[in-house]
Structures are given as C-alpha cells and as structure tokens.
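Accompanying notes for the structure given below.
Here the structure is a predicted model, which means the values were calculated and not measured.
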Amino acid sequence: MSEIRPLDLQDVPQVASMFMRVLRKEPGTPSSGLVDYLSRIFLEPPGHDPEIVSQVHVRDDGSVSGFIGVIPLALTLEDRPLRAAIASTYMVEDHESDPFAGARLLRGFLAGPQDISLTETANDISTTMWRKMRGTVLADYSLEWLRVIRPAAFMIEAAARATRLARLASPLARPFDALIRRSPDEAAWSHLSPAVHGNRLLPGADIDDDEAAWLLRHFSSDFPMRPAWKEEDLAAMVVHSRSKPNYGSMVRRKVSSRSGSPVGMFLYYGNKARIGRAIQILAAPGHEGAVIDAMLADADQRGLAALRGRTQPALLNAMLGRRFSFVHSASSIVHARDTSLVAPFRSGQAFFNGFAGESWTRLIGGRFD
C-alpha cells in the first residue's frame, strides 16, 4: 500500500530525477550537483527544525511518486514566537495510478506541528487543493509585476522564449529603442520616472553578504509579522541567493538618503537586452518610490529590456503610476489552525515572499551541472 513518510537521504536521487522530469521538463539523469543541493536544502535547511520535515509519497514497490519539500521559518508576531513551514517543490507524477497522492501529501504537510503553513509558488491545481483545505490565497502577494524598459528588446526577448532564433534580431532592437527613448511623450508606457534621468535619484551602492543580511533584518523589522532569523541561518540564505544563472548576473544594492542612512535595498538578476528577475525589494516607509526608481535606473543603465518580480503589498501604491503591469502566474497562500494568525497576511502586515519564502534558493533560477 502507498504511504506518506518523511524524506530520507536514500530518496533524494529519485526526488532529483522527478524534479528534472516534472518541474524542469528535462530528460536524463540528474547531476550530482542537484542531488547534493536537494539533500542540503531539504534535509539540513537553514533554520532546521527536526519536527518540520519534507515528505515523499511512496508507491507499493517502494519507489517515490510524489514530494513536498519543506523549509522551516521562524516567525515573530509582535514578539510572539511562531513556527512556519514553507511548501516548496511540490510535485506528483503518475496521477492515473493514484489520483489522490497530491492531496494526501498536502494534507500531511498541513497537519504538521507548524503554526503557519505557507507557499509562494502554487499553480492552479495546487491552489485548488489548498483552498479545499481552508488555505487563504493572498491576492496582493500573488501578482507578478513587469516593468518594460526597452520595448523593442523586450518584444524580441519575449519571442525568444518560444524560439531562440528570435535573439538573432537583437541588434535591430537598439535603433528602435533609441528612437522611442527620444520621444518627448513622457506619458508613454516605456518611459521611466523623470527622477531616473535627472539628478533626483538617491545614492546607491553595491553591498556584500554581511550588509545584505543586516539590511534584510533591518527593513523586515517594520512588519508586525516577520522572520526571526538566526544570524547564521540568514547568512546561509544570502549565500544561497548569490547564483541564479538562468535569470542572469546578480545585482544587489542598497539605496541611501542624502545624509547616508539606508532607506532601502533591492536584489535582482539580469543581463543586457534580457528580462531581469527581482526577488527582493525593501524600503523604509515613505521611501518606496525612491527605491523603485533607483532599481529601475540601475536596470536601465545595465541595458536590461525589462524587469519582473513578485508583488509586496507595501510596494503596490508606489508601483502605481510608474507604468508597471501585473498578471497572476502563481499563488501565495497561508494556512493556520489559529485563524487570527492569517490576519496579518490578509492586511499586508506580514513580510512574505522572497527571503520569507523559497525564492532565495537555487531551485528557482539556478543550475546544477
């Protein structure tokens, strides 16, 4: 009879193979690098909690047919310590032989000892299952934003997602984008804020791992519901986030006031003429627009075609009027037996997504050669 049980080291090669087939849509044997990474991130993750564990669905013959990776996260709500678990890398194959395997995996995860269960990458199928199990979909955390910077380059890069041959037309995009950028129509959807091209941008600077960790802790402290990272755990997460070659080179900068005090930070990945990916933007209250302008100016200077990322409720007002577009591609969801713990997420008072999620891992945007 099939069963749900905790992930064991001997299961990891099968999980890695399923990861390649189901999530990456790539045939072949998984690399030793992927096997090693899955072992580390799901058996000894930052913030390791021996009671909050990843789980596998095992067939009658002992083979693995489903997996839900779990990353523990310590939270605090106005000095009340809480345990959270983030559902990551949720996948099932061979649905025909056991159509309820996915539901049993999710039910087993939600029955764990954590106070709060979270995910930021639920597709339509898993979102339906979460809803049936009384999960709350968080609309303001679930939108994907897009900011086009060079329209012609963006169109070619978007076409290249279907066929790489489209990138051969990249040189043709440059004169068109140059012409568009000379247009006097500042209301055009591709134009950046006047502050970006003027002298009103706040100063910025690259930051190292230690400063990135300090700023993450500093700016997340403004949220009533926030991570309670141990220093060594957050340091390890920052190291994990260094490399996402599928998205491009890492850009990690702080934004400071005229007096030199930090007012925000951003972390994105991107290369010239490509669509970059932001995984974290943080700003002190009242400085959201200035931090966003600094990020867009940086991406513009590096020649990116566009930037995309995940919404945070605290940033939405500042994005309005800056010609961002929004679409839903995956859901951020919260579940708690104590429904009062859901309230900070509903009201946007929780720091969630990015480093309070799974986007910092190499499983998203990383390569394993």
Side-chain angles (χ1 to χ4, degrees), residues 4-8 11-12 15 19 23 37-57 66-77 80-92 101-123 126-127 129-138 141-142 220 223 225-230 232-234 236-237 240 310 330-346 350-364:
I4 306 291
R5 60 166 173 76
L7 174 71
D8 187 84
D11 301 319
V12 177
V15 171
F19 178 88
L23 298 184
Y37 191 77
L38 290 174
S39 299
R40 282 192 290 135
I41 203 68
F42 291 127
L43 292 174
E44 292 292 335
H48 177 65
D49 184 328
E51 295 182 336
I52 298 177
V53 297
S54 300
Q55 299 181 41
V56 291
H57 181 272
F67 175 70
I68 187 165
V70 180
I71 300 173
L73 177 65
L75 293 174
T76 181
L77 175 60
R80 175 186 172 186
L82 298 165
R83 289 196 296 175
I86 299 165
S88 164
T89 318
Y90 178 33
M91 55 189 176
V92 176
R104 289 203 297 273
L105 268 173
L106 182 57
R107 189 177 297 112
F109 165 68
L110 296 176
Q114 65 269 15
D115 302 295
I116 300 171
S117 301
L118 298 163
T119 185
E120 61 170 337
T121 54
N123 62 21
S126 58
T127 296
M129 288 192 287
W130 276 82
R131 279 181 164 142
K132 288 181 178 178
M133 298 179 194
R134 300 184 179 179
T136 299
V137 178
L138 304 167
Y141 293 88
S142 298
S220 64
F223 294 82
M225 176 77 81
R226 60 187 181 275
W229 292 300
K230 291 182 180 178
E232 63 272 20
D233 293 333
L234 182 54
M237 294 165 66
H240 278 271
R310 200 65 175 273
S331 294
S332 292
I333 306 175
V334 60
H335 177 281
R337 287 178 285 273
D338 178 355
T339 55
S340 68
L341 299 179
V342 176
F345 293 89
R346 284 183 176 273
F351 178 58
F352 181 34
N353 289 346
F355 274 80
E358 61 173 307
S359 299
W360 54 271
T361 73
R362 288 177 56 205
L363 296 174
I364 299 177

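- The main-chain N or O of Ala228 is never found under 3.5 Å from a side-chain atom of Thr76 such that the two would form a donor-acceptor pair.
- Looking at residues two or more places apart in sequence or on another chain, you find no side chain to side chain donor-acceptor pair (under 3.5 Å) involving Arg362.
- The closest side-chain heavy-atom distance from Leu43 to Val12 is below 4.5 Å.
- Proximity of Val15 to Met91: side-chain heavy atoms (C-beta onward) are separated by under 4.5 Å at one or more points.
- Applying the side chain to side chain donor-acceptor pair (under 3.5 Å) rule to Ser332 yields the partners Arg310, Asn353; only residues at least two apart in sequence or on another chain are considered.
- Once rounded to the nearest 0.5 Å, the distance linking OG1 of Thr339 with CZ of Arg134 reads 10.5 Å.
- Phe19 is linked by a ring pair (Phe, Tyr, Trp, His ring centres under 6.0 Å) to nothing, counting only residues two or more places apart in sequence or in another chain.
- For Ser88, the side-chain contact (heavy atoms from CB on, under 4.5 Å) test picks out Phe42, Ile71, Glu358, Leu363, with sequence neighbours left out.
- Rounded to the nearest 0.5 Å, atoms CG (Asn123) and CE (Met129) are 7.5 Å apart.
- Residues satisfying the ring pair (Phe, Tyr, Trp, His ring centres under 6.0 Å) criterion with Tyr141, sequence neighbours excluded, are Phe352.
- Arg107 has its side chain out of reach of Ile4: every pair of non-hydrogen atoms, C-beta onward, lies at least 4.5 Å apart.
- Of all heavy-atom pairs spanning Ile86 and Ala356, the tightest one is CD1-C, 4.3 Å.
- Looking at residues two or more places apart in sequence or on another chain, you find a side-chain contact (heavy atoms from CB on, under 4.5 Å) between Val92 and His95, Ala101, Leu105.
- Scanning for side-chain contact (heavy atoms from CB on, under 4.5 Å) contacts around Ala84 gives Leu73, Leu75, Ile116, Leu118, with sequence neighbours left out.
- Qualifying salt bridge (charged side-chain N to carboxylate O under 4.0 Å, His left out) partners for Asp115, counting only residues two or more places apart in sequence or in other chains: none.
- The side chain to side chain donor-acceptor pair (under 3.5 Å) search around Ser359 returns Glu120, not counting sequence neighbours.
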Quick one: do Phe355 and Ser220 satisfy side-chain contact (heavy atoms from CB on, under 4.5 Å)? Show the steps, please. CA-CA 10 Å; Phe355 274 80; Ser220 64; over 6 Å; no

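- Nearest heavy atoms, Pro6 versus Val53: CB-CG2, 4.0 Å.
- Residues satisfying the side-chain contact (heavy atoms from CB on, under 4.5 Å) criterion with Lys132, sequence neighbours excluded, are Thr128.
- The number of heavy atoms from other shown groups lying within 6.0 Å of CZ (Arg5) is above 12.
- Identified under the salt bridge (Lys or Arg N to Asp or Glu O under 4.0 Å) test for residues 335-344, with sequence neighbours left out: Arg80-Asp338.
- Checked against side chain to side chain donor-acceptor pair (under 3.5 Å), Asp49 has the following partners two or more places apart in sequence or in another chain: Arg83.
- For the atom pair NE2 of His240 and CH2 of Trp360, the computed distance is 5.0 Å after rounding to the nearest 0.5 Å.
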Kindly determine whether Gln55 and Ile68 satisfy side-chain contact (heavy atoms from CB on, under 4.5 Å), including the steps that lead there. CA-CA 5 Å; Gln55 299 181 41; Ile68 187 165; 4.0 Å; yes

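- In this pair, Trp130 and His335 present their aromatic rings perpendicular. The plane angle is above 60°, beyond the 30 to 60° band.
- Looking only at side-chain heavy atoms (C-beta outward), Pro46 and Leu234 stay at 4.5 Å or farther from each other.
- The closest donor-acceptor contact from the side chain of Tyr90 to the backbone of Gly102 lies under 3.5 Å.
- To the nearest 0.5 angstrom, Ser39 atom OG is 8.0 Å from Leu7 atom CG.
- To the nearest 0.5 Å, atom CD1 of residue Ile333 and atom OG of residue Ser142 are 7.0 Å apart.
- You'll find the side chain of Val70 reaches within 4.5 Å of the side chain of Ser54, heavy atoms only.
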